[in-house]
Amino acid sequence: MSSDFTRSGSCLCGGVQFRVAGDPLRVGLCHCKDCRKTSGSAFQAFAVWPRAAFEAAGITSTYGGRSFCPTCGSRVPFVGENEVEVAIGGLDVAPTEGLEPSYELWVGRREHWLQPLPGARQFEHDRIADAAVDDAPANGLGERLRESA
């Protein structure tokens with residue numbers, strides 16, 4: 001892992017610690033049922049980095065495609081084959097810099113008291129990548145098809 005800028009994060013108890021280097025591939029918000037339930041919030045803010053930009057230490061468990069610390073229960077990054085999804089709230093420094101969401105998922109489930117993010121692309125369900133927006137694959141981390149979403 002090498003980059004000019006590194007962000008660190010951890011679970012609540014500190015048993016799982018991680019670092020990501022460089023800029024993420026994409027940043028988004030998701031309003032689906034699964035993200036709402038696992039975050040305990042009205043939406044989940046996340047960023048996706050290449051797998052090579054990620055390092056972690058500690059023991060994790062996974063349920064339903066979501067990783068967490070088995071000691072404190074905090075969500076921790078989900079590591080896929082090529083990408084890593086990091087919940088922005090798990091990063092150590094807040095507020096974050098340079099992690100503004102460029103899209104929102106499952107906007108039909110957005111609370112009526114939340115406004116669409118200005119300038120962010122809106123998706124009724126999962127993100128659909130196209131060459132005009134980005135070259136990142138769609139329906140990867142952060143865009144998994146949600147069960148009963």
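Any value given below was found using the heavy atoms of this structure, including those in side chains, with hydrogens, waters and symmetry copies removed. These figures come from a predicted structure and were not determined experimentally.
Scored by the side chain to side chain donor-acceptor pair (under 3.5 Å) test, Ser39 finds no partners at all (sequence neighbours excluded). With sequence neighbours left out, the side-chain contact (heavy atoms from CB on, under 4.5 Å) criterion links Ala87 to Gln44. Glu124 pairs by the salt bridge (charged side-chain N to carboxylate O under 4.0 Å, His left out) definition with nothing, not counting sequence neighbours. With sequence neighbours left out, the side chain to side chain donor-acceptor pair (under 3.5 Å) criterion links Ser67 to Thr62. For Ser8, the side chain to side chain donor-acceptor pair (under 3.5 Å) criterion is met by Asp92, not counting sequence neighbours. Contacts of Glu111 classified as side-chain contact (heavy atoms from CB on, under 4.5 Å), with partners at least two apart in sequence or in another chain: Arg36, Ala42, Trp113, Leu114. Partners of Ala120 under the side-chain contact (heavy atoms from CB on, under 4.5 Å) rule, at least two apart in sequence or in another chain, are Leu117, Gln122. Judged as a side chain to side chain donor-acceptor pair (under 3.5 Å), and not counting sequence neighbours, Ser102 has no contacts.
Grouping Ile, Leu, Val, Met, Phe, Trp and Tyr residues whose side-chain heavy atoms lie under 4.5 Å apart, directly or via other members, places Phe68 in a hydrophobic cluster with Tyr63. Counting side-chain heavy-atom gaps under 4.5 Å among Ile, Leu, Val, Met, Phe, Trp and Tyr, the cluster of Val16 also holds Val76.
Under the 3.5 Å distance criterion, the side-chain polar atoms of Trp49 are matched with a main-chain donor or acceptor of Gly22.
Nearest heavy atom pair, residue Phe78 against residue Gly65, reads CD1-O, 3.2 Å.
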Could you go step by step and tell me if Leu105 and His125 meet the side chain to side chain contact (heavy atoms under 4.5 Å, CB included) rule? CA-CA 6 Å; Leu105 304 172; His125 299 290; over 6 Å; no
Show the numbers, then the answer: is there a salt bridge (Lys or Arg N to Asp or Glu O under 4.0 Å) between Arg51 and Glu81? CA-CA 7 Å; Arg51 172 68 182 90; Glu81 187 175 322; over 6 Å; no
I would like to know whether Val86 and Val84 meet side chain to side chain contact (heavy atoms under 4.5 Å, CB included); could you show each step before the answer? CA-CA 6 Å; Val86 175; Val84 176; 4.1 Å; yes
Using the side chain to side chain contact (heavy atoms under 4.5 Å, CB included) rule, take Arg19 and Phe54 through it: C-alpha gap first, then chi angles, then the decisive distance, then the call. CA-CA 6 Å; Arg19 295 185 320 162; Phe54 175 78; over 6 Å; no
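Under the 4.5 Å side-chain heavy-atom criterion for grouping Ile, Leu, Val, Met, Phe, Trp and Tyr, Leu29 is not connected to Leu99 through any hydrophobic cluster. Phe123 and Val107 fall into different hydrophobic clusters, where Ile, Leu, Val, Met, Phe, Trp and Tyr residues are linked whenever their side-chain heavy atoms come under 4.5 Å apart, directly or through other members. In this structure, Phe43 is not a member of the same hydrophobic cluster as Leu91, with clusters built from ILVMFWY side-chain heavy atoms closer than 4.5 Å.
Between Arg121 and Glu104 there is no salt bridge, since no side-chain N of the basic residue sits under 4.0 Å from a carboxylate O of the acidic one. One finds no salt bridge joining Arg26 and Glu85 here, because no Lys/Arg side-chain nitrogen approaches an Asp/Glu carboxylate oxygen to under 4.0 Å.
In this structure, Val27 and Ile88 have side chains that are in contact, with non-hydrogen atoms separated by less than 4.5 Å.
Separation of atoms CG (Leu12) and OG (Ser74) is listed at 4.5 Å; rounding is to 0.5 Å. Taking CZ from Arg7 and CG from Asp23, the interatomic distance works out to 7.0 Å, rounded to the nearest 0.5 Å. Of the inter-residue distances, the one linking Thr38 atom OG1 with Arg66 atom CZ reads 4.5 Å to the nearest 0.5 angstrom.
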